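Here is the structure we will look at.
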Number of protein chains: 2
Amino acid sequence: MGKLEEAIQQKDFIDPYHKAVVNLLFTHSYVVGYQNALLKPYDLSPEQYNVLRILRGQNGNPTTVSSIQERMLNKMSNASRLVEKLKAKGLVIREECPTDRRQVDVMISAEGLKLLEKLETRIQDSNKYYIKLSESEVRNLNMLLDKLRG
Amino acid sequence: MGKLEEAIQQKDFIDPYHKAVVNLLFTHSYVVGYQNALLKPYDLSPEQYNVLRILRGQNGNPTTVSSIQERMLNKMSNASRLVEKLKAKGLVIREECPTDRRQVDVMISAEGLKLLEKLETRIQDSNKYYIKLSESEVRNLNMLLDKLRG
DNA sequence: TAGATTTGTATGTATGTACATTAAATTCAA
DNA sequence: TTGAATTTAATGTACATACATACAAATCTA
């Protein structure tokens, strides 16, 4: 991998900002590749995994579909259909909200929790393997990404 | 936007590496959102725009589909179908390679070049607008992303 | 040089993304 | 309190991604 210019044989960037955009897209693909590889045996996509983590973060309280959507990494993806997929696999429980019949209460199931637990160390090991940065560099990266979005 | 934890209301990351993965996915979505908005009026996706830039980088020499694939930001996407889309819009020229009939020579068309030119300043302005980093911070980010991939 | 292997591209399928639209329930306002 | 506006979720569609497979052309090998 290494330097972007060599990796994609492109060097005529408009400016460092344009290069950063390309670098982010390329690094995203790199990261998602590893995520997919790790999650595929468990029949989960990265965003499905993330939704399970969002639900676990609620500590047993049900969450609505729109609340999940707000917290998702990809704002444009479709929480409704993702929840449907997770339900089909028995990883979440979905039921009509008693106080507002438009809403749908979603909770992670016991199976969902068990799956997350099983994945935790694998994810941790995998992340450290393919992110070839020291802990302080990673913190620096996180700081820059946060600042990038303003 | 700002800090990741607030933006997606999630704070229980396994470690800074896991947070970096989430941060990259989220920032990717942020960036692609702006890219899509800018390119949509021109009926281009970010990867189609990138392919046009790859082709322009060849300075008039034809490129094969597999060579495009190698240089694409998303290694798993489908250069064949992207080229087909670009050809349908008249932005590239595609013809059978005379020396190897398996291969397909692809070149950017005059229209494609004109479109890239028209987009250049818009892209440049847009990037600087939504990437809220100084030039030295952007360079630092590029360095970290390059290093991340090893 | 015939048959096997490899290479380059296209196609098929399932899923995900982007965005518009629909439909039902709720809230607001006259 | 009734009709309009808003909210919540689901659905439809076009395109993109991920990955397997097919198929023709070229290359290798015996």
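Values in this document were obtained by computation on a predicted structure and should not be read as measured data.
B:R102 contributes no side-chain N or O that forms a donor-acceptor pair with the base of C:dT9 under 3.5 Å.
The shortest distance between side-chain heavy atoms of B:Q9 and A:E70 falls below 4.5 Å. Side-chain contact between B:V138 and B:K128: absent, with no pair of heavy atoms (C-beta onward) separated by less than 4.5 Å. In this structure, the side chains of B:P46 and B:N36 come closer than 4.5 Å at one or more pairs of heavy atoms. Residues A:P98 and A:D105 have side chains in contact (heavy-atom distance under 4.5 Å, counting atoms from C-beta outward).
B:K87 places its NZ atom 15 Å from the C1' atom of C:dA10, with the value rounded to the nearest Å. Taking atom CD of A:Q103 as the reference point, atom C1' of C:dT26 lies 10 Å away to the nearest angstrom. Put simply, CG on B:D100 is 10 Å from P on D:dA25, counting in whole angstrom units.
Not less than 6.0 angstrom separates the ring centroid of A:F26 from the ring centroid of A:Y30.
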Contact letters for nucleotides 10-19 of chain D, in which S counts primed atoms plus P, OP1 and OP2 and B counts the base, heavy atoms under 4.0 Å
BBBB--SSBB
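With hydrogens and angles left out, the side-chain atoms of B:E137 and B:N140 include no donor and acceptor closer than 3.5 Å.
Side-chain N/O atoms of A:R101 include one lying less than 4.0 angstrom from OP1 or OP2 on C:dA25.
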